Amino acid sequence: MISYIIKRVIMMIPILFGISVLSFAIMYAAPGKPAILNLDPEISPEVREAQIERLGLNDPIPVQYVRWLGNVAQGDFGTSYTRKMPVTDMILDRLPNTILLMASSLFLAAIVAIPFGVISATRQYSMTDYGVTVGSFLGLATPNFWLGIMLIMLFSVQLGWTPVGGISTIGADFSLIDRLKHLILPAFVLATADMAGLTRYTRSSMLEVINQDYIRTARAKGFRERRVVYKHGLRNGLIPVITMFGLMLPTMIGGSAIVESVFNWPGIGKMFIDATFQRDYPVIMAITMFGAVLTVIGNLIADILYAVLDPRIEY
């Protein structure tokens, strides 16, 4: 297992290198300059050119990339063009908010999707199964931004049960209840698509497991159906579902950017959207690489959990 993890970590290096090259090229190929260069219309062309030269934007793209890569190798992701702050400090400041949102949505998706997937599989072709299936497809087809706006209009504007946005009430002392009120809607919206997909994966996996010989043997021994399904079947049925968890991490990074923007949640997703409009290249690249690292780590964790759930798997 240890040697396998080391190999995967070594394989991660060329993957991250390729992602950084593509991301850097695509970013600089987009039209427009950093917004900081156009904030003051009274700035003379000479001053603007001096700023461009100071930022190194006149250098060829390969030169800029090599300079950026050298700084990253030393742990320096640069300084934000707009906020004049180290990018690392900006990410560390907002990262806990994004982790809170992602962890809450992942937990919500798991506790809802896995039981519904098991129920749908054990009651195949029943009205319950059809209802879960329809709900799953609706969850997959509903855009996050539209669902978020609709929920804000219903629960925040019409009913007044939840705040419109943000992470806490401005000017109020920290309160767990207040934080939960701000968290519940964005966490639910972010979990919706993953909840639907996870339900379908769980159902398909459990349908294969409950028809295996060892499940029939457990039933023949007189075990209760609940024990047969959840103790003997679910553990093996969750093995393919673990892959879904590994793939959910990068999709949550992308989804959090939209959800955080809709709910004005101060996380790195919203910071990425703002940096994209402002052409804040150091921030864009830092968050892109963070998402890439998270994707690789998610896949590695999924592989490790395979062996935990199924001792027959060896590396």
Side-chain angles (χ1 to χ4, degrees), residues 98 100-165 180-210 229-230 233-234 237-265 267 269-270 272-273 291 295 298 302:
T98 296
L100 174 63
L101 178 60
M102 292 177 58
S104 301
S105 61
L106 187 62
F107 175 75
L108 181 61
I111 64 173
V112 172
I114 293 178
F116 272 99
V118 173
I119 293 173
S120 181
T122 54
R123 301 179 183 180
Q124 188 180 17
Y125 303 132
S126 66
M127 292 301 297
T128 302
D129 183 25
Y130 292 140
V132 172
T133 300
V134 171
S136 299
F137 283 122
L138 286 176
L140 288 171
T142 304
N144 281 346
F145 68 90
W146 181 85
L147 179 61
I149 294 173
M150 294 299 103
L151 292 181
I152 289 175
M153 292 178 60
L154 176 60
F155 292 103
S156 302
V157 178
Q158 299 294 333
L159 300 177
W161 292 353
T162 60
V164 175
L180 289 176
K181 287 182 178 180
H182 286 80
L183 177 63
I184 185 170
L185 286 186
F188 175 77
V189 172
L190 185 59
T192 301
D194 293 321
M195 192 186 302
L198 193 58
T199 301
R200 301 301 299 166
Y201 267 86
T202 304
R203 178 184 182 275
S204 300
S205 179
M206 285 299 297
L207 283 176
E208 295 181 5
V209 169
I210 60 179
V229 172
Y230 287 97
L234 184 58
L238 283 180
I239 295 177
V241 178
I242 294 299
T243 306
M244 186 68 177
F245 279 100
L247 297 176
M248 283 167 63
L249 291 178
T251 59
M252 279 192 169
I253 287 291
S256 67
I258 300 174
V259 173
E260 288 178 5
S261 297
V262 172
F263 290 93
N264 197 29
W265 185 268
K270 186 176 185 303
F272 180 80
I273 296 295
T295 301

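Owing to the predicted nature of the structure, the values given are computational and were not obtained by experimental measurement.
Shown here for Val189 and Gly148, the closest heavy-atom pair between the two residues is CG2-CA, 3.9 Å. Scanning all heavy atoms of the two residues, the minimum distance from Gly165 to His182 falls at O-CD2, 3.3 Å. Between Ala196 and Ser136, the shortest heavy-atom distance links the atoms CB-O, 3.0 Å. Nearest heavy-atom pair across Phe188 and Thr192 is O-OG1, 2.7 Å. Between Pro115 and Ala110, the closest heavy-atom pair is CD-O, 3.7 Å. Between Leu108 and Ala191, the shortest heavy-atom contact is CD2-CB, 4.3 Å.
Under the rule for a side-chain contact (heavy atoms from CB on, under 4.5 Å), the partners of Gln124 that lie at least two apart in sequence or sit in another chain are Asp129, Arg203, Leu207. Under the ring pair (Phe, Tyr, Trp, His ring centres under 6.0 Å) criterion, Trp161 pairs with Phe155, not counting sequence neighbours. With sequence neighbours excluded, the residues that form a side-chain hydrogen bond (donor to acceptor under 3.5 Å, both in side chains) with Thr98 are Glu260. For Lys270, the side-chain hydrogen bond (donor to acceptor under 3.5 Å, both in side chains) partners at least two apart in sequence or on another chain are Asp274. With sequence neighbours left out, Ser156 forms a side-chain contact (heavy atoms from CB on, under 4.5 Å) with Ile152, Thr162, Val164, Leu185.
Atom OG1 of Thr133 is separated from atom OH of Tyr125 by 10.0 Å, given to the nearest 0.5 angstrom. Atoms CE and CG, from Met195 and Leu106 in turn, are 10.5 Å apart once rounded to the nearest 0.5 Å. Of the inter-residue distances, the one linking Ile210 atom CD1 with Ser205 atom OG reads 10.0 Å to the nearest 0.5 angstrom. Rounded to the nearest 0.5 angstrom, Thr202 OG1 and Leu234 CG are separated by 8.0 Å. Ile149 contributes atom CD1, which lies 11.0 Å from atom CG of Asn144 (distance to the nearest 0.5 angstrom).
Side-chain contact between Leu159 and Leu154: present, with at least one pair of heavy atoms (C-beta onward) separated by less than 4.5 Å. The shortest distance between side-chain heavy atoms of Val132 and Ile119 does not fall below 4.5 Å.
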**Item:** Verdict with reasoning, Trp265 to Leu183, per side chain to side chain contact (heavy atoms under 4.5 Å, CB included)
**Value:** CA-CA 9 Å; Trp265 185 268; Leu183 177 63; 3.7 Å; yes
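Residue Leu100 places its CG atom among more than 12 non-hydrogen atoms of other residues, nucleotides or ligands, all under 6.0 Å distant. Other residues, nucleotides and ligands contribute over 12 non-hydrogen atoms within 6.0 Å of the CE atom of Met150.
In this structure, Ser204 contributes its side chain and Tyr201 its backbone to no donor-acceptor pair below 3.5 Å.
Counting only residues at least two apart or on different chains, no ring pair (Phe, Tyr, Trp, His ring centres under 6.0 Å) pair has a member in residues 127-147.
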